[in-house]
Amino acid sequence: MVELPKVYNPKEVEEKIYNLWLKSGYFNPDKLPRRHRKPYTIVIPPPNITGELHMGHALNATVQDILIRWRRLQGYKTLWLPGTDHAGIATQNVVEKELKKEGVSRFDLGREKFIERVWQWKEKYGNLILEQFKKMGCSCDWSRTRFTLDKEYVRAVKTAFLDYYKKGWIYRGKKVINWCPRCQTSLSDLEIEYKEEKGKLWYIKYPLKPKTYNLKPKTYIVVATTRPETMLGDTAVAANPKDKRYKNLVGQITVLPLVNREIPIIADRLVDPKFGTGAVKVTPAHDLQDYEISLRHKLPIIQVIDEKAEMTKEAPLPYQGLKVLEARQKVVEDLKNKNLLLRVEDYLHQIPKCYRCATTIELIPSEQWFLKMAKLAKMAEKPVKKGEIKFHPKSFEKSYFDWLKNIKDWCISRQIWWGHKIPIKNEADVLDYNPPTTRQGDVLDTWFSSALWPFATLGWPKKTKDLKRFYPTAVLSTDRGIINLWVARMVFSGMEFMKKIPFKDVFLHATVLTREGKRMSKSLGTGINPINLIEKYGADATRFGIAWQIMGGQDIRFVEDNIVMGRKFCNKIWNAARFLLMQKPPLINADSVRRFSLIKKNLTPADKKILRALEKTIKSVNGDLENFRFGRAAHTLYDFFWHDFCDVYIEKSKTELSFMKAKVKMRTKFSSPKQKDLKTKKILLYVLLNSLKLLHPFIPFITEEIYQKLPIKNKQRCLMITEWPK
RNA sequence: GGGCUCGUAGCUCAGCGGUUAGAGCGUUGCACUCACAUUGCAAAGGUCACUGGUUCAAAUCCAGUCGAGCCCACCA
């Protein structure tokens, strides 16, 4: 008979059990027993290969593994497809940082050598990430692991691009776009984060050009701006057509100070009369609204800021080559000297920053590739509106719709080196696709490729068996921060290329914050590596502690206390099993254990009570899991197991079991104490076994380890594929 | 500027119209004999942010105030 150690030691169990699972092959849906028919798929949100996983990933991995293990037990043909994302700009940046320590830039290295370095990085961190998932107990099908830049994926991206292109939805054009001067690339609107900064609002006098020789020398129109340096590129001054103050001035000409360019005063509805003086300077090259105005009024576009955020040759000589902030200072000084600066106010405004390196974004005109969004936005909207795709919590659907409603065309080209090369050189010819190491020219926005994830990972554009069986996927579990960046784009990509939704449910999990409510980040030193927790408490304890805290809020302030609870709970389970095994229960047929029920005769009130409590727990846990209430399910299981089972039933059973018979009063309705003893042991085993099943999705290692030791005839190879209690 | 979420025990969070408001962790006291001291038993600890309203009844619904966070937005 098996004897368990007094204290559960995860270190002795986890690796062994994980190997047992791997050897069984059951992570792979093709190798599941015949009972598992109906497919249930989750594709993992592929982590960026920028570094190791953090608590947010740990939470999401826990959520997905709970769902997958639960469905597998229910008899689904479960596929959890793992993988990683090349994460264009983000990964390029971390490798550049690494190079910087060696005193080299990516330009010193050259494109080819640099890409080689990134692949080395990918080898290291890509594998590290997958190892972390394994340590957490994730039951992914590793034979189907994908990377957003692997060979087949390259083909998928190319196919998608050409599909759009042939439809005329992809076009090349020069527009004012977001430009990161540090990353040296364009960015989409979603890749910008606004940060509040204290600035100034400068009121500048623009002298009017006299209409006739009746000079009125001191006549000016005053404009307000937060960016005086851009005035060097002004090609008009504008006021709202309804603004009476400027009625007489519209149509006149001003002479742009410092430049001496004659520019018109125009009327445009985009101008807000309430802001500043009601008259604005129009800089079409460096402001989106001004760009729009310029198109309407056919104004020239003069680019005075270049890709390095320095003043161009279009600016007057004294400013050329100055950095934006230097130019700003000089412009202000020069205006002051010419007595053209009316006044200065403090002004709090939102500065656009690069979401990957926090450098201030410049708006500059640039030749880029765009994807038309009008039809795609509608395609993304429809299935959510119709309820075919459900968001949990539902409130997030609003921000999804809002974004789709006033969407602009998506700038999909990036001027970085790490990514999918744009498969067309110009609008005229379609080029063959080169392998990533020898590419030239622009690459695609990394989100263009991740948008294809739910079907590209299953073999698309080939019509594979996997694609037929496992698409659409069941649930997408992800962070609310990428609803538009990723989720929306997967939806329209799925509709466009598969004609089917990519997933039915979108579970937006909470964001994991530090105890103080700060964002977990490596650079701030606030990050927690889940591996450290696993080392300290075990994977099950870590998972249970995390699940315990998933209560539906937007944020979770992570506290280790819950992991401590998880460890204690695991120990409790361990010892309950230990107790049972110490009673030397007879070998019991698995079927008879499975079918134990209230119908059975000779049950004591305590027996009935625990069996009823178990039934209630099963129902409640099922309901919770159906509705993504992981924390509640964890609490229910905890209460049932610790209190109903251990505190009450096991304690009571001690007076029933024969080893205690000296203290027990015989009850006449049993023919013998031995029979009573057997019945109690059966119930203990029955409740324990079902508890193990219910707990398995949350704490797979310990439950599997105990299952392996239980005295059951006709035992399955793994608890993982036994039947979920109904 | 628009939208969303949240302010409940020392800490992290449940409860979301109806008996003395709960859990985990922490704290205090007692108890190691036969599953477990990663345990058991007992206890302390809360004007449920504030103000007003609806109701027989409000932590729970409504309005407003204050505080925290997130998302969206071309106001120079």
Side-chain angles (χ1 to χ4, degrees), chain A residues 3-9 176 189-190 192-194 201-202 223-228 230-231 234 237-238 270-283 286-293 347 349-350 352 363 393 395-403 405-408 480-484 510-511 513 515-519 537-538 541 544-545 548-583 629 631-632 634-635 638-639 642-643 646-647 650-651 653-654 659-660 663 684:
Chain A
E3 285 278 348
L4 298 184
K6 226 170 157 177
V7 171
Y8 173 59
N9 183 356
V176 173
D189 299 330
L190 285 177
I192 289 177
E193 279 166 5
Y194 288 89
L201 191 58
W202 284 273
V223 299
T225 181
T226 55
R227 298 198 57 188
T230 62
M231 71 178 284
D234 283 3
V237 169
L270 276 184
V271 179
D272 178 0
K274 285 191 226 78
F275 186 87
T277 60
V280 295
K281 54 193 274 322
V282 180
T283 322
H286 304 292
D287 184 282
L288 287 170
Q289 181 174 295
D290 293 1
Y291 178 68
E292 215 177 292
I293 293 175
Y347 189 72
H349 58 156
Q350 305 286 326
L363 291 166
S395 55
F396 285 111
E397 287 177 5
K398 193 173 167 15
S399 67
Y400 179 87
F401 290 133
D402 285 351
W403 180 66
K405 217 180 326 181
N406 16 327
I407 198 166
K408 286 185 296 184
R480 66 188 135 94
I482 51 178
I483 290 176
N484 299 327
T511 305
L513 305 175
R515 189 188 202 109
E516 291 74 32
K518 297 241 172 71
R519 209 192 178 90
Y537 302 104
F544 200 78
W548 183 265
Q549 252 191 305
I550 305 179
M551 297 304 288
Q554 282 201 62
D555 299 325
I556 287 177
R557 295 189 179 206
F558 179 77
V559 283
E560 217 163 293
D561 302 353
N562 294 308
I563 314 291
V564 171
M565 175 279 304
R567 185 186 57 175
K568 288 182 176 181
F569 185 46
C570 287
N571 200 245
K572 192 73 181 176
I573 296 165
W574 186 254
N575 273 287
R578 182 163 179 259
F579 169 78
L580 175 63
L581 291 172
M582 282 170 88
Q583 306 321 311
R629 294 188 298 247
R632 240 177 76 148
H635 279 77
Y638 179 96
D639 285 343
W642 200 304
H643 301 121
C646 294
D647 289 353
I650 289 186
E651 287 311 315
S653 78
K654 287 176 183 174
F659 86 102
M660 296 290 289
K663 294 183 186 174
L684 280 169

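Reminder, nothing fancy here: chain letters follow the sequence lines and each chain counts from 1. Computed from a prediction, not measured in an experiment: that's the story for all the values here.
- When distances are taken from the side chain of Leu288(A) to each of C25(B), U38(B), C74(B), the shortest belongs to C74(B).
- In this structure, CG in Leu288(A) is found 7.5 Å from CG in Asp189(A), a value given to the nearest 0.5 Å.
- Residues Asn406(A) and Asp402(A) share a closest heavy-atom pair of OD1-O, 3.0 Å.
- Of the possible donor and acceptor atoms, none in the side chain of Gln583(A) sits under 3.5 Å from a partner among the backbone N and O of Lys654(A).
- Projected onto RNA chain B by closest heavy-atom contact, Met565(A) and Asp189(A) fall at different nucleotides, the more 5' of which corresponds to Met565(A).
- For Val271(A), the listed nucleotide lying nearest its side chain is A76(B); candidates were C72(B), A14(B), A76(B).
- Paired runs in RNA chain B that reach 3 or more consecutive Watson-Crick or G-U pairs, where each pair keeps both distances under 3.5 Å, cover B:1-7 with B:66-72, B:10-13 with B:22-25, B:27-31 with B:39-43, B:49-53 with B:61-65.
- Put simply, CD on Glu292(A) is 12 Å from P on C75(B), counting in whole angstrom units.
- Rounded to a whole angstrom, the distance from the C1' atom of G67(B) to that of A49(B) is 8 Å.
- Of all heavy-atom pairs spanning Val176(A) and Tyr291(A), the tightest one is CG2-CD1, 3.4 Å.
- The side chain of Lys654(A) places an N or O atom within less than 4.0 Å of a non-bridging phosphate oxygen (OP1 or OP2) of A35(B).
- Between A23(B), A76(B), U38(B), one nucleotide has an atom nearer to the side chain of Thr226(A) than all others, and that is A76(B).
- Side-chain contact check for Thr225(A) versus Met231(A): every heavy-atom pair is 4.5 Å or farther apart.
- Atom C1' of nucleotide C36(B) and atom CG of Leu4(A) are separated by 12 Å, given to the nearest angstrom.
- Remark: P of G1(B) and CG of Asp402(A) are 18 Å apart, rounded to the nearest angstrom.
- Nearest approach of Trp574(A) to Lys6(A), heavy atoms of both residues: CD1-O, 4.2 Å.
- Comparing A37(B) with C25(B), their P atoms sit 16 Å apart, to the nearest whole Å.
- Distance check on atom C1': G18(B) versus U55(B) gives 12 Å, rounded to whole Å.
- Taking atom P in both C66(B) and A21(B), one finds a spacing of 32 Å when rounded to whole Å.
- Taking for each of Val564(A) and Phe558(A) the nucleotide of RNA chain B with the nearest heavy atom, the 5'-most of the two is the partner of Phe558(A).
- Whole-Å rounding puts the Tyr347(A) OH to C75(B) P distance at 9 Å.
- Proximity note for Asp272(A) (side chain, C-beta onward) versus C11(B), C74(B), C75(B): the nearest is C75(B).
- For Glu560(A) and C13(B), the CD to C1' distance is 17 Å, given to the nearest whole Å.
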Check step by step if side chain to side chain contact (heavy atoms under 4.5 Å, CB included) holds for Val564(A) and Lys568(A). CA-CA 6 Å; Val564(A) 171; Lys568(A) 288 182 176 181; 4.2 Å; yes
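- Between U5(B) and C56(B), the two P atoms lie 29 Å apart (nearest whole Å).
- Once rounded to the nearest 0.5 Å, the distance linking SG of Cys570(A) with OH of Tyr537(A) reads 13.0 Å.
- As judged by a 4.0 angstrom heavy-atom cut-off over every strand, Gln350(A) is placed among the base-contacting residues.
- Residues Thr230(A) and Asp287(A) form no side-chain contact, since every pair of their non-hydrogen atoms from C-beta on lies 4.5 Å or further apart.
- We find that CG of Leu684(A) is positioned 12 Å from P of A35(B), with the value rounded to whole Å.
- Heavy atoms of Tyr537(A) sit nowhere under 4.0 angstrom from any nucleic acid atom.
- An OP1 or OP2 oxygen of G26(B) is reached within less than 4.0 angstrom by a side-chain nitrogen or oxygen of Lys568(A).
- In this structure, CZ in Arg578(A) is found 9.5 Å from CG in Asn571(A), a value given to the nearest 0.5 Å.
- Here the CD-CE distance, from Glu560(A) to Met565(A), works out to 12.5 Å after rounding to the nearest 0.5 Å.
- Atom C1' of nucleotide C71(B) and atom CD of Glu397(A) are separated by 15 Å, given to the nearest angstrom.
- Across all strands shown, Cys646(A) has heavy atoms under 4.0 Å from base atoms, whether or not it also approaches the sugar-phosphate.
- For Trp548(A) and Tyr638(A), the distance between ring centers is under 6.0 angstrom.
- Relative to the side chain of Arg567(A), the nucleotides U38(B), C13(B), A76(B) differ in distance, and U38(B) lies closest.
- The minimum heavy-atom distance between Lys281(A) and Asp290(A), with the atom names listed, is O-OD2, 3.4 Å.
- In this structure, Trp574(A) reaches neither bases nor backbone, as no heavy-atom distance under 4.0 Å exists between it and the strands shown.
- Nucleic acid contact for Trp642(A): sugar-phosphate only, since backbone atoms but no base atoms lie under 4.0 Å from a heavy atom of the residue.
- When heavy atoms are screened at a 4.0 angstrom cut-off, Arg557(A) is found touching the sugar-phosphate backbone but no base atom.
- In this structure, the nucleotide among A76(B), C13(B), G40(B) sitting nearest to the side chain of Lys572(A) is G40(B).
- Nucleotides A44(B) and G1(B) place their P atoms 49 Å apart, quoted to the nearest Å.
- No contact: Asp287(A) has no heavy atom under 4.0 Å from any strand.
- For A35(B), neither phosphate oxygen OP1 nor OP2 lies less than 4.0 angstrom from any side-chain nitrogen or oxygen of Lys6(A).
- Within the 4.0 angstrom heavy-atom criterion, only backbone atoms of the sugar-phosphate kind lie near Arg515(A); the bases stay farther away.
- Nucleotides C34(B) and U39(B) are separated by 16 Å at their P atoms, to the nearest Å.
- Annotation: A42(B) and U47(B) have their P atoms spaced 25 Å apart (nearest Å).
- Glu516(A) comes within 4.0 angstrom of nothing in the nucleic acid, heavy atoms only.
- The distance between atom OH of Tyr194(A) and atom P of C70(B), rounded to the nearest whole Å, is 17 Å.
- If you check every strand for non-hydrogen atoms under 4.0 Å, Arg480(A) touches sugar and phosphate atoms only.
- In plain terms, the two heavy atoms of Val282(A) and Ile293(A) that are nearest each other are CG1-CG2, 4.4 Å.
- In this structure, of A76(B), C11(B), C41(B), it is C41(B) that holds the atom nearest to the side chain of Asp647(A).
- Of the candidate nucleotides C71(B), A35(B), A23(B), C71(B) has the atom nearest to the side chain of Ser399(A).
- Residue Tyr400(A) places no side-chain N or O under 4.0 Å from the OP1 or OP2 atom of C71(B).
- Among the atoms of the strands shown, none is found under 4.0 Å from any heavy atom of Val282(A).
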Listed pairs, N/O of protein and of nucleotides 4-8 of chain B, under 3.5 Å:
residue: U5(B); atom: O4'; partner: Gln554(A); partner atom: NE2; Å: 2.8
residue: U5(B); atom: O2'; partner: Gln554(A); partner atom: NE2; Å: 3.3

